[in-house]
Amino acid sequence: MAKKTADKKADNSKQVGSHKSGVTQPQLGFIGMCRWAWRQLTTMRVALILLLVLALAAIPGSLLPQRIQDPGRVTTFLDANGAWGQFLDTIQMFDVYSSIWFSAIYLLLMISLIGCVIPRSAQHWKAMRSAPPKAPRRLGRMPGYEAFTSATGSAESREAADQDFLDTAQARLKKLGYRTVRHDDHVAAERGYLRETGNLVFHIALLVATLTMAIGSLFGYEGQRILVEGETFTNSLVAYDSFEPGSYYDANNLPDFRLKLDSFESTFDDQAPGSQFGQPRTFDAKVTATADGKSEKHTLRVNEPVRVGGTGVYLTGNGYAPEVTVKDAKGQAVQSGPQVFIPDGGDPGYTSEGVIKVPDAAGTQMGFVGVFLPTATQNENGELVSSFAELRNPYLVMSGYTGDLGLDDGTPQSVYTIDAENMTEMTDATGNPLLIQLAEGETQKLPDGGSVTFDGVKRYIAVDISQDPTQGLMLVSAIAVLLGLGLSLFIPRRRMWVRIKDGKAEVAALARGEDQLVERAAKDLAKDLAEEPDEDSDQRK
Amino acid sequence: MDVNTDLAMWSNQLIISAMVVYAVAMIFYAFDLFGGRELKQSEAGATSAAKPSNVRRTNRKATTALLDPPQTDVSAEISAGTGKEKPRRGARIGTSLLVLAALLHVAAVLTRALSVMRVPWGNMMEYVLTATVITVIVFLIVNVKKDIRYLGTIVAGGVLLCLGLAITVFYTPAAKLIPALDSYWIAIHVPIAILSTSLLYISAILAVFQILKNSQETKDPKWLRFMRRMPASIDLERFSYTIAAVGFITWTFTLIAGAIWAEVAWSRYWGWDSKEIWTFVVWVIYAAYLHARATRGWGPTKVAVLNLIGIATVIFNFTVVNMYFNGLHSYSGLG
Ligand code: HEM
C-alpha cells in the first residue's frame, strides 16, 4: 500500500512539472551553483519546509511583547530581564515581524512561489490551447473503466452504428462540460482546466497580498489623539498625540477635515452576575465631522468608524476627565478644566490615574498626582476602590507637590506623569503627607493658602486616525485568494475516453489531481450510453 | 440588562440533558468500535468507494477497503451481492442517540441565544457550546453521504468533554455583548471559524484512525485488532484530506473576514495581535499539509502527523491564546 501511495505522489509531481525535486548533481562553477540553488528553491519540498519554518518563526511574537503593539511592555520586559532581555533584543525578538530572519523566510517563500508560478503558468497556457490527448491503447488500466456492448443495433451497418454511438458520446461529454476531440474510433475529452487556473490565481493573489501588505505600511499613516467632550480636532501634525507615517507618506498632505466630540455616553452592565457584572455594553460617541465645508453628525462606535477625507477615525478608548480648578495663594485660578485620567486597563471599575500640572502658580510650581474613582466604595480591607465604571459616586484622591515640574529643561515629558524628583510633597498641619480627597463639587484648602476644587467630570475618547491607500487592493487580492482556492480544491480535472469497435464500447476516466468521483464518472457515462451495461464490468460495488 | 434568566437556566438544563445522552451514545458507539463482531463488506462498501486515481485496475481489490481480514475476502465479495448483512446495532443506536442529543443541544444553544437576544458567540462557553453542536451536525451530515460511524465514539466523547469544560471552566453567565463584539461581523466571522474548527477536528480524528489503520495493515499488533474493520488507510487519508480541504477554505475565509473586521474595529486589517498570529500559524500549517500531500518523500503517515499538528494549533489558538495571552481578542468572558 505504501508503494502505491508513492506511485501516486510521483505521478502528481510529474503532472505539475516544475516540481521535480533536484536530484541532479550540482554543476561546478558559480552559474551552476546558482542554477542548482534556484532549482532547489523552487521545489515543492523546499516550499513546504519554508512554510513550516514560517509558522514556527511567527510564534515568538505571540509569546514576547512586540514593539508594534506595545512598546511600553517591551521596555518593562527589558528592565526586568537584564542581559537575557538584551540578547533577545539583539536577535530582534521584540520586532519579530519586521526582523531580518522573518523577512528572509517570507522573501524566500515569495521567490520560491514566483519560480513556481511562472513555469506553471506557461505550461497551463499551453495546455489550455491544446486538444485533449488521444486515448492510450489499453484503456483498462484507467482508474475509472467500464466496458459493455452497445445495444444500438438498428443502424444499417456496424460501422455506422459505431459512429452514431461516438456522436452521442461526444454530445454527452460536451454537455457535461468536457472539451472533446473526435478520432476515428474514439472520443477524447478533458475538463477542469479551471482547477489549475484557480491554483495559479490563488498563488499569484498570495504574492500580491504580501506585496500589498508591505507597501501599504509605506504609503499610509496612523495617528492617535485623545479628545475631550467639546474639543475639536483639526487634522494637522500638531494636533496628534502620536503620529506614525509610512516611509513615503507626505505628512504635509494630510487631508483637511475637522472632528468635534459633541458628547460621549457609555453603559455598563449592572445586572449580570459573576464575571459579566460591570462589563461595558455600549460606547457611543456623538461627533461632528467637517470636510469640504460640509458638516455631518455621526455616531462613532467601536465597530463603526467614521470615514472622512480619505481617512478612517476609529474609537479605540475612552475614560474620564475630572474638571479641577486650582487656585494659588493669591486666590487666582491658575489651572482649570478637564484633566485626562487614564483608566487601568484591567479594572472593570475604571479606576483611573492622572496628574495635574500647575506651572503658572504664584511662587512655586505645583503638581498633583492622583486617582479618580467613578463609583468610590470601601472594600473589605477599608481601601477605596471603584466598584463600577459609571459615575455613581465620583471621587478624586490626590497628593500634591511643589517645586520644579521640569517643564523648561527641554526634555520631552509625558503629560500623564510627573517627575517628582525635584519637588517636595505637600504636608498637612501635622506634618504628614497631604491627602486631597474630593467628592464632586467639593473644595480643599492647600497648606500654602491655595485650594483645589473638583468641579465635575467630562468624558473623553481616544481615537486612531489612519489612512491606508492600499486597502482596496488588499481586499481584491483576498477575494482572489479565496476564489482561486475554491476552484483549485474542488474543480475535478479529468480526462475521459470513449472508444468503440464492432459494438464493443469502452469508457475510461483518468483523474488529474484529487478526484473522488473518477470511477463514478466512468460508470455514469457508461450507463448513459448503454441501456444495459455488461454484467461483468459492474461486479464491484 | 434584558436577560431572560429563565431561558438561560433552561439552556443550562438542556446542556446537562444533552450530555447525559451523549454519554450513552458514546458507550453504544464504543461497543460498535471495539466489539468483536466483524463488519461485513456490504456495510463497508459505502465507506470506501474512493480509491487512488491512478492505481491500475488490476490492483483494485487490494486498495478498496477490506473490513474483513484477507481470508474472508471471497465470502465478502459474495455477500456484497446479497445486500444488508447483520446490522451494526451498536452504531445504529449510537447514531439515534446522537441525533437526540443534538436536538437537545440545539435547543440549549437556541434558548441561550434567545435569553440574551443575540448570536450565541459572545464568550468561550458559548463558543464551545456552538462548536460542539456544529461538530455533531457535520458528523451526522457527512454520515448521510459516507458511513463514518466508526468515529462516533470519539465525536461523542470529545463533545462530552468539551461540554463538561463549558459548564465548569468556561462557564459564563448569560449577558449582552461587549461593544467590541457588537457588530454584524460577529455573525460572519465567528460561525465560519466554528465550522472550520469542527471540520478540522473531524479531519484530525480521521488522520488518527488513518495512522492506526496503517499500523494495523503493516504490523497488525493485537491491540489494533479492532482496526481491521476500518476502511483502508488510504481511503481514510483521502477522506481526511477532503474534509481538511473544506476546512482550509473556511479557515481562509475566517482569516479574511477577521482582517476586514479588524480594520473596522482597530483601524488596521492586520496587526500581529496574538490571536492574529495564531490564526496565521494555523493557516500556514494547513497550507503546508496540503503541500505535503503533493510532495515526494512525504508518506501518508507523515502527512497525517502534519494534520495533527494543525489541529493542535487550532486548539491552542482557542484555549491558551484566549485565556492566557495578552491581546485585543480578550473575549473569553472569564474576567
Ligand atoms: C506563500 C507560500 C505558499 C502558500 C501559502 C501556498 C498555499 C497552497 C495551498 C493552500 C495549496 C492547496 C491548493 C491545492 O491543493 O490546489 C497549494 C497548492 C500548491 N502549491 Fe502552494 N503555496 C505556497 C507556495 C508555493 C510554492 C513556493 C510552490 C512551488 C514550489 C507551490 C506549489 C504548489 C503546488 C504545485 C500546488 C498544487 C498541489 C496539488 O496539486 O495538490 N506553492 N499551495
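Proteins get letters first, then strands, A, B, ... in listed order; numbering begins at 1 in each.
- With a 4.5 angstrom heavy-atom cutoff, A:R520 does not touch chain B via any of its atoms.
- When the options A:T43, A:I49, A:L48 are evaluated for a side chain to side chain contact (heavy atoms under 4.5 Å, CB included) with B:T295, the one that passes is A:L48.
- Using a 4.5 Å cut-off between heavy atoms, A:F277 does not touch chain B at all.
- Put simply, of B:G271, B:S267, B:A174, B:A265, the one with the most heavy-atom pairs under 4.5 Å next to chain A is B:S267.
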Check: For A:V481 and B:T252, what are the C-alpha separation, side-chain angles and deciding distance, and is it a side chain to side chain contact (heavy atoms under 4.5 Å, CB included)?
Finding: CA-CA 9 Å; A:V481 163; B:T252 308; 4.0 Å; yes

Using the rule given for side chain to side chain contact (heavy atoms under 4.5 Å, CB included), can you reason through B:L306 versus A:L52, listing the C-alpha separation, both sets of side-chain angles and the distance that settles it, and then say yes or no? CA-CA 10 Å; B:L306 261 188; A:L52 290 174; 3.6 Å; yes

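- Residue A:L315 touches chain B through its backbone alone, counting heavy-atom pairs closer than 4.5 Å.
- Neither the backbone nor the side chain of B:L255 comes within contact range of chain A, judged by heavy atoms closer than 4.5 Å.
- Counting heavy-atom pairs closer than 4.5 Å to chain B, the top-ranked of the candidates A:A55, A:S466, A:A58, A:P280 is A:P280.
- When heavy atoms are compared at a cutoff of 4.5 Å, B:F253 approaches chain A by way of both its backbone and its side chain.
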Report task. Could you give me the CA-CA distance, side-chain angles and deciding distance for B:H291 and A:L51, then say whether side chain to side chain contact (heavy atoms under 4.5 Å, CB included) is met? Result -> CA-CA 9 Å; B:H291 276 154; A:L51 278 174; 3.0 Å; yes

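- Heavy atoms of B:I309 lying under 4.5 Å from chain A are absent altogether.
- To the nearest 0.5 Å, the span separating OG1 on B:T242 from CZ on A:F490 amounts to 7.5 Å.
- Between B:E263 atom CD and A:N303 atom CG the span is 11.0 Å, to the nearest 0.5 Å.
- For B:W185, no part lies under 4.5 angstrom from a heavy atom of chain A.
- Crowding of A:E265 atom CD: a count of heavy atoms from other residues, nucleotides or ligands under 6.0 Å not exceeding 12.
- Taking CD1 of B:I256 as the start and CG of A:L475 as the end, the distance is 8.5 Å to the nearest 0.5 Å.
- In this structure, no portion of A:Q66 lies under 4.5 Å from any heavy atom of chain B.
- Between A:L489 and B:A245, the closest heavy-atom pair is CD1-O, 3.9 Å.
- Using a 4.5 Å cut-off between heavy atoms, A:V96 makes no contact with chain B at all.
- Note that CD1 of B:I285 is 7.0 Å distant from CG of A:L56, once rounded to the nearest 0.5 Å.
- For the residue pair B:W266/A:T316, the side-chain donor-acceptor check at 3.5 Å is not satisfied.
- Under the rule for a side chain to side chain contact (heavy atoms under 4.5 Å, CB included), the partners of B:M117 that lie at least two apart in sequence or sit in another chain are B:L114, B:K176.
- For a residue to count as touching a neighbouring chain, one of its non-hydrogen atoms must lie under 4.5 Å from one of that chain's; by this rule A:M474 touches chain B with the side chain only.
- Remark: A:Y97 pairs with A:F102, B:W272 by the ring pair (Phe, Tyr, Trp, His ring centres under 6.0 Å) rule, at least two apart or across chains.
- By number of non-hydrogen pairs under 4.5 angstrom with chain A, the leading residue of B:Y289, B:F280, B:W278, B:F239 is B:W278.
- There is no contact between B:V282 and chain A, counting heavy-atom distances below 4.5 Å.
- Heavy-atom contacts from other residues, nucleotides or ligands closer than 6.0 Å to CZ of A:R307 number more than 12.
- Side chains of A:R281 and B:I178 form a contact here, defined as non-hydrogen atoms less than 4.5 Å apart.
- For A:Q276 and B:T172, the side-chain atoms include no donor-acceptor pair closer than 3.5 Å.
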Hey, mind stepping through A:Y314 and B:V264 against side chain to side chain contact (heavy atoms under 4.5 Å, CB included) and telling me if it holds?
CA-CA 8 Å; A:Y314 306 79; B:V264 171; 5.8 Å; no

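- Note that the OG atom of A:S488 and the CG atom of B:L290 stand 8.5 Å from one another [nearest 0.5 Å].
- A:T282 touches chain B through its backbone: at least one of N, CA, C or O sits under 4.5 Å from a heavy atom, while the side chain does not.
- Only the backbone of B:L177 comes within less than 4.5 Å of a heavy atom of chain A; no side-chain atom from C-beta onward does.
- B:P179 and A:V302 get closest at one heavy-atom pair: CB-CG2, 3.9 Å.
- The OG atom of B:S183 sits 11.5 Å away from atom CZ of A:R301, with the distance rounded to the nearest 0.5 Å.
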